[in-house]
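Presented below is the structure to which this report refers.
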2 protein chains.
Amino acid sequence: MGQKWKLPILWYLHEAEATRYNELKRRMPGITNTMLTKSLRELEKSGLVVRRSYGTVPPKVDYSLIETGQALLPTLNELYKWGEAHMHGGVSA
Amino acid sequence: MGQKWKLPILWYLHEAEATRYNELKRRMPGITNTMLTKSLRELEKSGLVVRRSYGTVPPKVDYSLIETGQALLPTLNELYKWGEAHMHGGVSA
DNA sequence: CGGTATCCTTGAGGATACTG
DNA sequence: CAGTATCCTCAAGGATACCG
């Protein structure tokens with residue numbers, strides 16, 4: 001699960017600073033709360049994303065790619081392009 | 001469509017010679033005719049796989065990865081591992 | 001042998017409402 | 001603000017039967 005949004009999220013996070021939940025939602029047009037949360041939780045579980053909660057009220061939470069995450073970016077890039085081109089019925093000419 | 005089988009098929013084809021339909025089916029435990037055919041057709045359309053039909057009867061058809069396809073293998077490999085690890089709920093410890 | 005046709009199941013993902 | 005709970009939809013994928 002999460003194919004649809006995990007990559008976009010990772011991709012966005014790599015070029016952004018720690019981003020708050022709603023900001024992230026705004027940046028991912030079409031994503032729903034359900035999917036955003038699910039995706040973030042799994043990315044966190046798999047150790048790619050860090051969730052930071054500032055126990056304030058109203059709540060403030062932000063998400064960021066792990067520092068070493070920058071290293072995965074080339075792979076991420078390939079993954080993205082390749083997947084788009086060959087895994088989803090994409091043909092070009 | 002095809003996420004589930006396209007990669008496995010490509011992966012298998014890269015280390016095999018031209019493979020016949022039923023052989024391919026045997027090598028992909030669990031795949032159905034529908035999916036095998038669909039996947040192969042799309043991989044053909046996107047130019048990664050070549051279908052060769054020997055107009056004989058009974059029919060003989062085989063599939064192979066395009067020659068330059070070997071070049072995509074590293075990417076394929078990354079894609080595969082990465083996808084398994086981070087896109088399908090895979091955690092390790 | 002190498003498929004196609006048909007119908008069916010399942011779960012990824014979505015919409016909406018609500019809450020600490 | 002940052003979610004969770006609930007219900008729903010739809011299409012990816014599967015099962016089975018049949019065909020040239």
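Each chain gets a letter, A, B and so on, in the order its sequence line appears, and its residues count up from 1.
- Heavy atoms from other residues, nucleotides or ligands lying under 6.0 Å from CD of B:Glu15 number more than 12.
- With hydrogens and angles left out, the side chain of A:Thr37 and the base of D:dA2 share no donor-acceptor pair within 3.5 Å.
- Near-neighbour residues of DNA chain C inside residues 11-25 of chain B, defined by a heavy atom below 4.0 Å, number-ordered: B:Arg20, B:Tyr21, B:Asn22.
- Taking only side-chain nitrogens and oxygens, B:Tyr63 comes nearer than 4.0 Å to OP1 or OP2 of C:dG3.
- For A:Arg51 and D:dA2, the shortest distance from a side-chain N or O to OP1 or OP2 is not below 4.0 Å.
- No donor-acceptor pair under 3.5 Å is formed between the side chain of B:Thr32 and the backbone N or O of B:Gly30.
- Ionic pairing of A:Arg52 and A:Asp62 is present here: one or more N-O contacts between side-chain nitrogen and carboxylate oxygen are shorter than 4.0 angstrom.
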Could you go over nucleotides 10-13 of chain C and give all protein N or O partners under 3.5 Å, atom names and distances?
unit_1: C:dG13; atom_1: OP1; unit_2: A:Lys4; atom_2: N; d: 3.4
unit_1: C:dG13; atom_1: OP2; unit_2: A:Gly2; atom_2: N; d: 2.6

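- The interatomic distance linking B:Leu36 (CG) with D:dG14 (P) rounds to 11 Å, in whole Å.
- If you check distances only, the side chain of A:Ser53 never reaches the base of D:dA2 with a donor-acceptor pair under 3.5 Å.
- The side chain of A:Asn33 lies closest to D:dT4 when the candidates are D:dT4, D:dT16, D:dA2.
- In summary, A:Glu23 and A:Arg26 engage in a salt bridge, as defined by a charged side-chain N under 4.0 Å from a carboxylate O.
- The minimum heavy-atom distance between A:His86 and B:Ser46, with the atom names listed, is ND1-OG, 3.6 Å.
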